[in-house]
Each structure stands twice: as C-alpha cells, then as structure tokens.
Amino acid sequence: EMSRTEVLALLDKLLADIKNITGDADQYDEAERKRYQELSDDIYIARLSMTTANASLAAAPHALYVIVDTSGSTGMRVGGGAECFLDKSKQLLDAILRALPEHVAALRGANAINGAPITVRLWTFDQNTKKEHEVVLENRPDAGLLLGPVRETVKTLRPGGCTNYDSWASELRAAVGTSPSSLHSVLLVTDGGATQRERFFGAIEAIASQPGVGFFQCDALGYGPWLD
C-alpha cells in the first residue's frame, strides 16, 4: 500500500513529466496541482497480486490493462461539489496516459524493461465489461500519439449501472490465459463495495496462477466511501 505522501510524490512526478512533454510549463498551474491533491485525499492504492518474472521473460511482450469502474456509485459528488468521483479519477488517468510514453522511454533507457511492444487495453465496467480500446505502443518517438483516442474516450466516461467485478475478472482471466507468456500489468480504478474481499482477492490470484503465467501484477486505485 502506498502512503498519501508517496501518492502525492507520484502525482508531482506525473505533472513534471507532462510539462516536459508539452513544453508549456505555464499550462499547469497551482489549480491543477490542487485538483490532484484533492483527489489524493480520497484514494487508496494497493498491490493485489504479483508473480516474479524470470530471465526467460526478458524479451516477452507487455500487456497493460486499464480497467475503470463506471458504475452508478462513481457518480457520487466529491465533498458536495460539482465533480463526481469518476470525474476525479479521469483527471488522474489522463495524466498517467499522457506521461506513459515518456515513462516507458525512461525505463527502456535504463534497461529496466525490454523494447518489446506494449499493448494498452482500456476496459470499462458496470454490470458488464466493455473493451473500449486496444493500442499497441511500438518503441518509437511518436508512440504517444497512439494514446490520443484512448485519452479522449476516458474523458467521455459517464457513471451508470451496477457493479459487477466478476464480469471484468472473467474477461481478464481469459485474456491473460490466451497469452500467458506476456508481461501482464493491470491498473484497476474503482470505488469498491460490490464484492466480498476474500472472493475478490481469490479471483485475482486465480488469474495469476494460470499455467504458463510468468508475470502478472495488479494494482488497484480505489476512491470514494465504499472501500473496505
């Protein structure tokens, strides 16, 4: 679990990277920083599952899943204001997606990850799971342009419907099982409250323990009053 201080440090780093990418430091002022700080007051980040990659996976392709809860409860207003919890999370997701290519380039430059393509999948879920986008990021300077449509879709997300964790967990298990040798990383964004903790963690562990899975990491970014 990350502390609030660590979350703020991460957000500051993301904002700094965004400024470097755009070359327009004046575009992001203290008001922008304040919005992210307000978001950090309500979020909870936890690593749910991780398997250890070995040397044989050094050249394996990457699969990044961004799974966003758009159920009706994410429409609750933050502190009685105009923005809802989903809107707040969308701001953070946009920052992450915008900074992702530069972070990937830095990791590759430090030989922390390989140069294999990264398949970025954006899924949303309420009672059902919708596969919004799938983009392959090649190791090239203009890779960030491919994330434009993904970021635009994030901006259009609206809350509604029930919360069904089993839906996306089933889809994720199938996707990981189809290409177990890939390096699988998952970011789940949710306000929680729909599934018993033990059942949820069991579902995640079942995905990671499928035959042939060498690396699987799932991080949850939780927010709102329904977290347990």
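Scope of the values below: all heavy atoms of this structure, side chains included, with no hydrogens, waters or symmetry mates.
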| Gap separating the CG atom of Leu188 from the CD1 atom of Ile204, nearest 0.5 angstrom | 7.0 Å
| request: Mind running side-chain contact (heavy atoms from CB on, under 4.5 Å) on Leu187 and Leu93 for me, showing each step along the way? | output: CA-CA 10 Å; Leu187 175 61; Leu93 280 172; 4.1 Å; yes
| Counting N and O atoms only, with roles assigned by atom type, does the side chain of Ser209 sit under 3.5 Å from a partner on the main chain of Glu205, one being a donor and the other an acceptor? | yes
| note | Sorted by chain and residue number, the side chain to side chain donor-acceptor pair (under 3.5 Å) partners of Arg158 (sequence neighbours excluded) come out as none
| Considering residues at least two apart in sequence or located in another chain, which fulfil the side-chain contact (heavy atoms from CB on, under 4.5 Å) criterion with Ser179? | Ser182, His184
| query | Closest heavy-atom contact between Gly144 and Pro101? | reply | CA-CG, 3.5 Å
| From Ile113 atom CD1 to His62 atom NE2, the distance as rounded to the nearest 0.5 Å | 4.5 Å
| field | Heavy-atom pair of closest approach, residues Ser73 and Asp191 | value | OG-OD2, 2.6 Å
| Separation of Leu92 CG from Leu221 CG (nearest 0.5 Å) | 5.5 Å
| Results of side-chain contact (heavy atoms from CB on, under 4.5 Å) for Asn111 - residues two or more places apart only | none
| message | Measuring from atom OG of Ser71 to atom CG of Asn164, what distance do you get when rounded to the nearest 0.5 angstrom? | response | 10.5 Å
| note | Value for OG1 (Thr156) from NZ (Lys90), rounded to nearest 0.5 Å, stands at 7.0 Å
| request: Keeping to residues at least two apart or across chains, list the side-chain hydrogen bond (donor to acceptor under 3.5 Å, both in side chains) pairs with something in residues 143-153. | output: Asp94-Arg151, His133-Thr153, Glu152-Lys155
| task | Search all heavy atoms of Asn114 against all heavy atoms of Ala60 and return the closest pair with its distance. | result | ND2-O, 2.9 Å
| Step-by-step side-chain contact (heavy atoms from CB on, under 4.5 Å) determination, Leu146 to Arg140 | CA-CA 11 Å; Leu146 297 174; Arg140 63 189 200 191; 4.0 Å; yes
| request: Write out all pairs satisfying salt bridge (charged side-chain N to carboxylate O under 4.0 Å, His left out) with one or both partners inside residues 170-179, taking only residues at least two apart or from two chains. | output: Lys131-Glu171
| said: If I compare all heavy atoms of Leu145 with all of Pro149, which pair ends up nearest, and what's the gap? | reply: O-CD, 4.0 Å
| message | Is the shortest side-chain heavy-atom distance between Leu64 and Leu137 below 4.5 Å? | response | no
Which pairs of donor and acceptor atoms, one on a side chain in residues 116-124, lie under 3.5 Å apart (sequence neighbours left out)?
from: Arg121; atom 1: NE; to: Glu134; atom 2: OE1; distance (Å): 3.2
from: Arg121; atom 1: NH1; to: Tyr65; atom 2: OH; distance (Å): 3.3
from: Thr124; atom 1: OG1; to: Glu132; atom 2: OE2; distance (Å): 2.8

| request: Identify, with sequence neighbours excluded, every residue that meets salt bridge (charged side-chain N to carboxylate O under 4.0 Å, His left out) alongside Arg108. | output: none
| request: Kindly work out whether a path of hydrophobic side-chain contacts (I/L/V/M/F/W/Y, heavy atoms less than 4.5 Å apart) joins Leu107 to Val136. | output: no
| request: Could you note down all residue pairs passing salt bridge (charged side-chain N to carboxylate O under 4.0 Å, His left out) where residues 62-72 supplies at least one of them, sequence neighbours left out? | output: none
| Quick one: does Leu86's side chain get under 4.5 Å of Val68's, heavy atoms only? | yes
| task | Output, in order, the C-alpha distance, side-chain angles, deciding distance and verdict of side-chain contact (heavy atoms from CB on, under 4.5 Å) for Val176 and Val186. | result | CA-CA 11 Å; Val176 172; Val186 181; 6.0 Å; no
| Taking only residues two or more places apart in sequence, or in another chain, which ones meet Asp126 in a salt bridge (charged side-chain N to carboxylate O under 4.0 Å, His left out)? | none
| remark: In terms of heavy-atom contacts, Thr178 and Pro180 come closest through C-CD, 3.5 Å
| Nearest heavy-atom neighbours spanning Ile207 and Ala169 | CD1-O, 3.7 Å
| field | Results of side chain to side chain donor-acceptor pair (under 3.5 Å) for Thr129 - residues two or more places apart only | value | Ser167
| query | Would you call the rings of Tyr165 and Phe125 parallel, tilted or perpendicular if under 30° counts as parallel and over 60° as perpendicular? | reply | perpendicular
